[in-house]
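A quick write-up on the structure given underneath.
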2 protein chains.
Amino acid sequence: MKIDSIDKQILTILQQDAQITNVELSRKIGISPPAMLERVKRLEKNGIIKRYVAIIDPSKVSKGIFALVSVSLSAHQLASIDQFTKQINKLDEVLECYHVAGEEDFILKIAVSSIEEYENFILNKLIKLNGVSKVNTKFVLSTVKYNTKIKIE
Amino acid sequence: MKIDSIDKQILTILQQDAQITNVELSRKIGISPPAMLERVKRLEKNGIIKRYVAIIDPSKVSKGIFALVSVSLSAHQLASIDQFTKQINKLDEVLECYHVAGEEDFILKIAVSSIEEYENFILNKLIKLNGVSKVNTKFVLSTVKYNTKIKIE
DNA sequence: ATTAATACCGAATATAATTTGATATATTTT
DNA sequence: AAAATATATCAAATTATATTCGGTATTAAT
């Protein structure tokens with residue numbers, strides 16, 4: 001699907017405020033509400049817009065402790081990464097997980113409510129996954145920036 | 001502000017689907033639409049819900065290259081971290097930035113459209129920030145999990 | 001126990017989303 | 001280049017939803 005300049009404007013706005021009304025959005029960009037509606041639906045149907053979410057303040061729901069964790073898999077396990085992938089996707093504490101090039105294999109972002117909960121996560125969940133051979137934790141002191149918006153250009 | 005069991009259900013649902021209508025949400029949870037509306041507004045006003053956003057597929061808007069970058073500041077610069085913080089917040093390529101405990105000072109998540117753009121970001125933007133003394137890049141091979149939802153319990 | 005505050009509901013109203021049918025604008029085909 | 005097709009657009013009408021309102025129940029405080 002090809003994305004034109006109007007689509008880009010739509011995506012830029014919706015990434016910052018998904019609650020904007022269709023009427024207001026169409027007014028801002030300068031096309032009619034029905035035309036806008038069709039464009040947004042098309043962006044959704046084609047998977048450009050994946051979903052709409054509410055962003056919660058973690059500290060206000062007692063999930064204020066974050067950690068960035070690197071994980072290495074044993075060589076033979078690396079052959080079947082999708083098993084690891086599936087397991088990671090089931091763990092609620094894992095917000096993000098990236099397969100990376102370099103020393104370690106994966107970098108995970110973890111959110112928990114306490115150090116005890118973190119310890120429990122590492123000892124009873126993460127290192128019990130098949131093939132996990134090395135784990136290294138960096139605790140987050142503060143979140144400097146958290147942005148779900150990617151620049152559209 | 002105190003959050004009860006109904007609020008938790010609301011937050012859990014809105015974190016997955018912020019487009020749900022107030023009518024549908026109230027039906028799911030079992031209170032009337034006006035009561036639901038008041039609760040959601042309260043969660044917004046108290047900053048529990050920070051904002052609503054559309055999540056875009058980066059690969060479909062040619063921002064398919066991600067990197068995780070560690071940054072160390074020189075000792076004297078660490079004294080005024082908020083300067084670094086402000087600068088980081090202005091850079092569109094930086095989606096997330098965490099101040100971490102350990103070897104390095106910050107971990108950044110970067111999104112760009114090409115390796116050339118990445119090189120330009122590092123050479124002309126990141127290392128030109130005051131006090132940046134060490135930079136180390138890990139390129140993301142694949143995103144295993146990307147979740148903005150934190151478990152409410 | 002009494003008062004005050006809070007949360008709730010059903011009904012009415014205001015606002016917005018969505019559908020419709022017609023028209024214009026590109027795009028492709030001949 | 002002209003005709004045909006597909007696509008995008010609009011204004012108006014309809015449908016659905018958000019929001020307001022007045023009153024009632026429930027909870028918390030005095």
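Just so we're clear, the structure is a prediction, and the values are computed from it rather than from any experiment. Naming convention: chains lettered A, B, ... in sequence-line order (proteins, then strands); numbering from 1 in each chain.
- A salt bridge between A/K134 and A/D105 is absent, with no side-chain N of the basic residue lying under 4.0 Å from a carboxylate O of the acidic one.
- As a whole-Å value, the separation of A/N22 CG from D/dA18 P is 14 Å.
- A salt bridge does not link A/E38 with A/K41: none of the charged nitrogens is closer than 4.0 Å to a carboxylate oxygen.
- The CZ-P distance, from A/R39 to D/dT7, rounds to 14 Å in whole Å.
- Computed from coordinates, the A/M36 CE to D/dA8 P distance equals 14 Å when rounded to whole Å.
- Here the shortest heavy-atom pairing between A/D57 and A/S59 reads OD1-OG, 2.7 Å.
- As a whole-Å value, the separation of A/I10 CD1 from D/dA8 P is 12 Å.
- For A/Y52 and B/Q16, the side-chain atoms include no donor-acceptor pair closer than 3.5 Å.
- Using a cut-off of 4.0 Å between Lys/Arg side-chain N and Asp/Glu carboxylate O, A/E104 and B/K138 are scored as salt-bridged.
- The side-chain contact (heavy atoms from CB on, under 4.5 Å) test with A/V53 is passed by exactly one of B/L14, B/D17, B/N147, B/V53: B/V53.
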Measure all distances between protein nitrogen or oxygen atoms and nitrogen or oxygen atoms of nucleotides 11-13 of chain C, and list the pairs falling under 3.5 Å.
none

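- At the heavy-atom level, A/S32 lies under 4.0 Å from base atoms of the strands shown.
- As judged by a 4.0 angstrom heavy-atom cut-off over every strand, A/E38 is placed among the base-contacting residues.
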Pull out every protein N or O sitting under 3.5 Å from an N or O of nucleotides 26-28 of chain C, one pair per line with the distance.
none

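- Atom-to-atom, CD of B/E24 to C1' of C/dA17 comes out at 16 Å; the value is rounded to the nearest Å.
- Going from atom CG of A/L37 over to atom P of D/dA8 covers 14 Å, rounded to whole Å.
- Atom CG of A/D4 is separated from atom C1' of D/dT9 by 13 Å (rounded to the nearest Å).
- Applying the 4.0 Å criterion to OP1 and OP2 of D/dA18, one finds that B/K41 has every side-chain N and O outside that range.
- Judged by distance alone, the side chains of A/Y118 and A/S113 never bring a donor and an acceptor atom under 3.5 Å apart.
- The pair A/E117-A/K63 counts as a salt bridge, with a side-chain nitrogen and a carboxylate oxygen less than 4.0 angstrom apart.
- Put simply, CD on B/Q19 is 11 Å from P on D/dA18, counting in whole angstrom units.
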- Any chance you could lay out the side chain to side chain donor-acceptor pair (under 3.5 Å) test for A/K109 and B/Y98, step after step, and finish with the verdict? CA-CA 11 Å; A/K109 185 175 111 184; B/Y98 302 98; 2.8 Å; yes
